[in-house]
Each structure stands twice: as structure tokens, then as C-alpha cells.
2 protein chains.
Amino acid sequence: MDEQRTDNRTDGDDEAEAVSRFVERFAAQLVQAGMTRMPSRVFAALLSSELGALTSAELSEQLKVSPAAVSGAVRYLAQVNLVSREREPGSRRERYRVQGDQWYNALLERDAFLRNWQTTMREGVEQFGLDTPQGRRINDTLEFFLFLEKELGSLMQRWAAHRAEHLGG
Amino acid sequence: MDEQRTDNRTDGDDEAEAVSRFVERFAAQLVQAGMTRMPSRVFAALLSSELGALTSAELSEQLKVSPAAVSGAVRYLAQVNLVSREREPGSRRERYRVQGDQWYNALLERDAFLRNWQTTMREGVEQFGLDTPQGRRINDTLEFFLFLEKELGSLMQRWAAHRAEHLGG
DNA sequence: CGCTTCTTTCAGAAATGTGTGAAGTTAAGG
DNA sequence: CCTTAACTTCACACATTTCTGAAAGAAGCG
């Protein structure tokens with residue numbers, strides 16, 4: 001695990017600090033996007049780790065938070081399919097892994113999200129009726145979300161294609 | 001302002017309550033999407049109003065909050081271009097209006113948002129280098145966001161087309 | 001030019017959210 | 001089957017956010 005630390009004892013510390021800076025910046029952006037703080041930090045740390053996976057203890061130490069905080073964060077992240085939990089066989093340790101290289105898929109797989117929105121809009125249209133300005137305005141929104149739902153599918157297909165191409169060529 | 005209230009004194013109240021229910025539900029979803037509470041409520045109220053515009057006093061009364069709260073909410077909404085402010089000539093009253101029928105454009109005009117993200121990812125790639133798993137993983141994310149930025153433009157164009165078509169035919 | 005009406009700003013109270021420590025639960029290993 | 005390591009749950013303290021009331025700031029109108 002140890003690298004050579006004869007000449008430069010601070011190498012590891014500097015590296016760790018640099019990683020931490022990136023993790024915190026990335027996490028801040030996830031927070032801005034609506035994710036709560038601790039899940040954001042855990043997720044950023046996992047993404048920045050060499051194996052894309054860390055144990056609870058490693059996360060706890062790196063982020064300087066209690067195991068309890070890690071536990072809560074991981075529970076959330078697993079729920080929204082951003083990380084998976086692995087048991088290391090022959091150990092009580094658990095290992096949390098970022099979901100493949102396509103975690104950002106989850107960002108767009110907000111199907112449930114879109115559905116809820118559509119439901120609300122439909123109710124609004126029903127309530128106000130298409131013969132009112134409100135009703136029409138809300139109906140426009142509904143149609144936009146229906147359109148969006150359709151489009152996101154094909155967008156992700158194009159991404160898959162784009163990505164395959166760039167791997168091959 | 002008063003409607004006939006001879007037969008059914010509760011008509012207006014029921015209507016108001018129904019509107020409120022929709023407003024609150026819609027607002028809750030905006031909150032879920034990351035907007036803060038009061039701006040969400042104000043925005044939902046505006047969208048559900050007949051003219052798509054209300055005065056500060058009207059908002060204050062309908063949402064049962066202080067003028068101060070309305071002021072703060074509107075300031076935010078104007079900043080992110082979701083509402084515009086109009087002065088009623090010959091009155092000190094201000095009228096707040098939802099930005100056209102295409103407010104949802106704003107949802108996707110998150111260019112600045114995407115840019116920030118890209119910047120962070122680029123820094124991560126630089127820091128770790130493409131010869132590390134982390135670096136490659138983060139680079140994948142960067143490319144996804146670049147792809148997304150490109151795609152969102154054409155998506156909105158298709159939406160404009162779709163919409164024009166449905167208006168005409 | 002002062003009066004009045006509406007809006008904004010600001011300090012602080014109330015509500016909400018977030019992380020910790022301690023106790024509880026599960027499962028490996030002797 | 002008991003011990004012990006690891007993770008989880010829960011009550012509470014601390015921090016942050018959010019709304020209010022009061023006072024100050026603009027802008028029409030006499």
C-alpha cells in the first residue's frame with residue numbers, strides 16, 4: 001500500500017488533499033443540482049477513487065465523518081441506483097461501488113419524476129378545463145413533458161451509439 | 001370583483017380551495033426538483049392564474065404569506081427568468097407575469113449549469129490524468145455532458161417544430 | 001413638496017435539516 | 001454458541017434556512 005516516501009514525505013498528503021479538493025468541488029455541484037450534502041460527498045469520493053469503490057471505513061476516514069453519516073448517505077445512493085453494495089466474501093466489510101461508467105444515465109432516468117409531473121399537470125388541465133387560459137397554459141406544459149419523455153429515450157440511444165463509436169475508432 | 005353569491009355562497013371558496021390544492025401540489029413538485037419553497041408557490045400560483053399574472057397583494061393573500069416573502073420569491077424568479085415584472089401605469093402596484101407559455105424552456109436552458117459541470121470534470125481529468133481509472137471515468141462523464149449540451153439545442157428545436165405543427169394542424 | 005400607497009430590506013424567531021454518539025443488530029470466526 | 005467486527009438506527013444537538021414584523025425606501029397624486 002505504501003509508496004516510496006524516502007525523499008518526499010508529503011507526497012501522499014498533497015495527493016490526498018488534491019483529491020479532497022476535487023471531491024468537495026464536485027460534491028458542491030451535486031448539491032447545487034439538488035442532492036443532499038452527504039450523499040453528494042460520498043458519491044464524489046467513490047467516483048474519484050481508483051477502483052470506483054470504497055469501504056465504509058475508507059469513506060468515513062476520507063470524508064472525516066462518522067460511520068453513521070456514511071450509512072445514511074449510502075442508503076440513499078443505493079435507493080436511487082447510483083451505487084451498488086457488495087459484500088466482500090469472508091469479511092464483514094461492505095464495499096460500495098459507483099454504478100458502472102454510466103452513472104449519469106440515472107440523471108436522465110428520471111422517468112418516475114416525469115410521470116409525477118405529468119400526473120399533476122393532467123389534474124390541473126382537468127380542473128381548469130381547456131376552455132380557460134390556465135387550463136391551456138397547463139396543458140402546454142403537459143405536452144412538453146410528454147414530448148420530453150419520448151425524446152429522452154432516443155437521446156440516450158444516440159449517446160450509446162456515440163460512445164460505442166468512440167470506443168471502436 | 002364579486003360574482004353572484006345569492007344561491008351558493010361557497011362557490012367561490014370551493015373554487016379557491018381547489019386552485020390552492022393544485023398550486024400546492026405543483027409547488028411541491030417544483031420543490032422536489034430543487035427550487036425553494038416560496039418561489040415555487042409563487043410560480044405555481046402565477047401559472048394557475050387566469051391572466052398568468054398577479055400583483056404582489058394578490059399573491060400575498062392567496063398564499064397567506066407576508067409581502068416580504070413575496071418580494072423575495074419574485075426577486076429570485078425574475079433572476080432566473082421565470083417571471084417578468086410589469087408596472088401598471090398609474091399605480092404603484094407591480095404585476096408579476098409568467099414568462100410566456102414557454103417557461104419550461106428555462107428548465108433546459110441550464111447552459112451555465114452544464115458549463116460549470118464541464119469545468120469541474122475537466123479539472124478532475126487534468127488532476128488524475130487519462131492514465132488512471134479515475135481520470136478515464138471522469139473523462140467519460142465530461143464527454144457525456146458535452147454530448148448533452150449539443151443535444152439539448154436540437155431537442156428544443158424539435159420541440160418548437162412539434163409545437164408549431166400542432167398549432168397549425 | 002408632502003402624503004399616501006406599495007415594495008423592499010433587515011434582524012431575528014421559528015421551522016427544518018444534518019451529523020454525531022451511543023445503543024442495537026447482524027454475521028463471521030473461533 | 002459466544003465473541004467480536006462491522007453496519008444501522010435513533011434521539012438529540014447544532015447549524016442552516018425560511019418567513020415574519022418593523023422600518024426604510026420609491027413613486028404616484030394632490
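Lettering follows sequence order; numbering is per chain, from 1. Bear in mind the structure is a predicted one, so any value in this text is a computation, not a measurement.
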*Asks:* Which pairs would a plain distance check flag for residues 118-134 of chain A, meaning a side-chain donor or acceptor within less than 3.5 Å of a matching protein atom at least two apart in sequence or in another chain?
*Replies:*
| from | atom 1 | to | atom 2 | distance (Å) |
| --- | --- | --- | --- | --- |
| A/Gln118 | NE2 | A/Phe145 | O | 3.3 |
| A/Gln118 | NE2 | A/Glu149 | OE1 | 3.0 |
| A/Thr119 | OG1 | A/Arg115 | O | 3.0 |
| A/Thr120 | OG1 | A/Asn116 | O | 3.2 |
| A/Thr120 | OG1 | B/Gln29 | OE1 | 2.6 |
| A/Thr120 | OG1 | B/Gln29 | NE2 | 3.3 |
| A/Glu123 | OE1 | B/Arg25 | NH1 | 2.7 |
| A/Glu123 | OE2 | B/Arg25 | NH1 | 2.8 |
| A/Thr132 | OG1 | A/Phe128 | O | 3.3 |
| A/Thr132 | OG1 | A/Gly129 | O | 3.0 |
| A/Thr132 | OG1 | A/Gly135 | N | 2.9 |

*Asks:* Return a single string for nucleotides 20-30 of chain C, one symbol per nucleotide in 5' to 3' order, where B is base contact, S is sugar-phosphate-only contact and - is none, cutoff 4.0 angstrom on heavy atoms.
*Replies:* BB-------S-
*Asks:* Under 4.0 Å, counting only non-hydrogen atoms across every strand here, what does B/Thr36 touch: a base, just sugar-phosphate, or nothing?
*Replies:*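 Counting heavy atoms under 4.0 Å across all strands, the contact made by B/Thr36 is with sugar-phosphate only.
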*Asks:* Kindly work out whether a path of hydrophobic side-chain contacts (I/L/V/M/F/W/Y, heavy atoms less than 4.5 Å apart) joins B/Trp117 to B/Leu152.
*Replies:*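 Yes; B/Leu152 is reachable from B/Trp117 via cluster members.
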*Asks:* Using a 4.0 Å heavy-atom cut-off, does B/Arg85 contact any base of the nucleic acid, only the sugar-phosphate backbone, or nothing at all?
*Replies:*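 The answer is sugar-phosphate, as B/Arg85 gets under 4.0 Å only of primed atoms, P, OP1 or OP2.
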*Asks:* Just the endpoints, please: which first and last nucleotides of DNA chain D, 5' to 3', lie under 4.0 Å from a heavy atom of chain B?
*Replies:*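 So the outermost contacting nucleotides come out as D/dT18 to D/dC29.
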*Asks:* Answer yes or no: are there more than 12 heavy-atom neighbours, outside B/Glu86 itself, under 6.0 Å from its atom CD?
*Replies:*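 Correct, the count exceeds 12.
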*Asks:* Would you list the pairs meeting ring-ring contact (aromatic ring centres under 6.0 Å, His included) in which at least one residue belongs to residues 47-96 of chain A, sequence neighbours left out?
*Replies:*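 Found none.
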*Asks:* Can you measure A/Arg41 atom CZ to C/dT18 atom P for me and round it to whole angstrom units?
*Replies:*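 Whole-Å distance recorded here is 13 Å.
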*Asks:* Using a strict cut-off of less than 4.0 Å between a Lys/Arg side-chain nitrogen and an Asp/Glu carboxylate oxygen, indicate whether A/Arg95 and A/Glu88 qualify as a salt bridge.
*Replies:*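 Yes, this pair counts.
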*Asks:* What pairs of residues pass the ring-ring contact (aromatic ring centres under 6.0 Å, His included) test when at least one of them lies in residues 43-71 of chain A, not counting sequence neighbours?
*Replies:*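 Every ring-ring contact (aromatic ring centres under 6.0 Å, His included) pair that includes a residue of residues 43-71 of chain A, provided the two are not neighbours, is A/Phe43-A/Trp103.
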*Asks:* Check the distance between C/dT18's P and A/Arg75's CZ and give it to me in whole angstrom.
*Replies:*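 A/Arg75 atom CZ is separated from C/dT18 atom P by 13 Å.
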*Asks:* Is A/Arg137 reaching over with its side chain to a backbone N or O of B/Leu47, donor-acceptor style, under 3.5 angstrom?
*Replies:*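 The answer is yes, because a donor-acceptor pair under 3.5 Å joins these two groups.
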*Asks:* From CZ of B/Arg93 over to P of C/dT7, roughly how many Å is that when rounded to an integer?
*Replies:*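 It works out to 7 Å between those atoms.
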*Asks:* Can you give me every donor-acceptor pair (side chain of residues 50-59 of chain A, partner residue at least two apart or in another chain, under 3.5 Å) with its distance?
*Replies:*
| from | atom 1 | to | atom 2 | distance (Å) |
| --- | --- | --- | --- | --- |
| A/Thr55 | OG1 | A/Glu58 | N | 3.2 |
| A/Thr55 | OG1 | A/Glu58 | OE1 | 3.3 |
| A/Glu58 | OE1 | A/Thr55 | N | 2.8 |

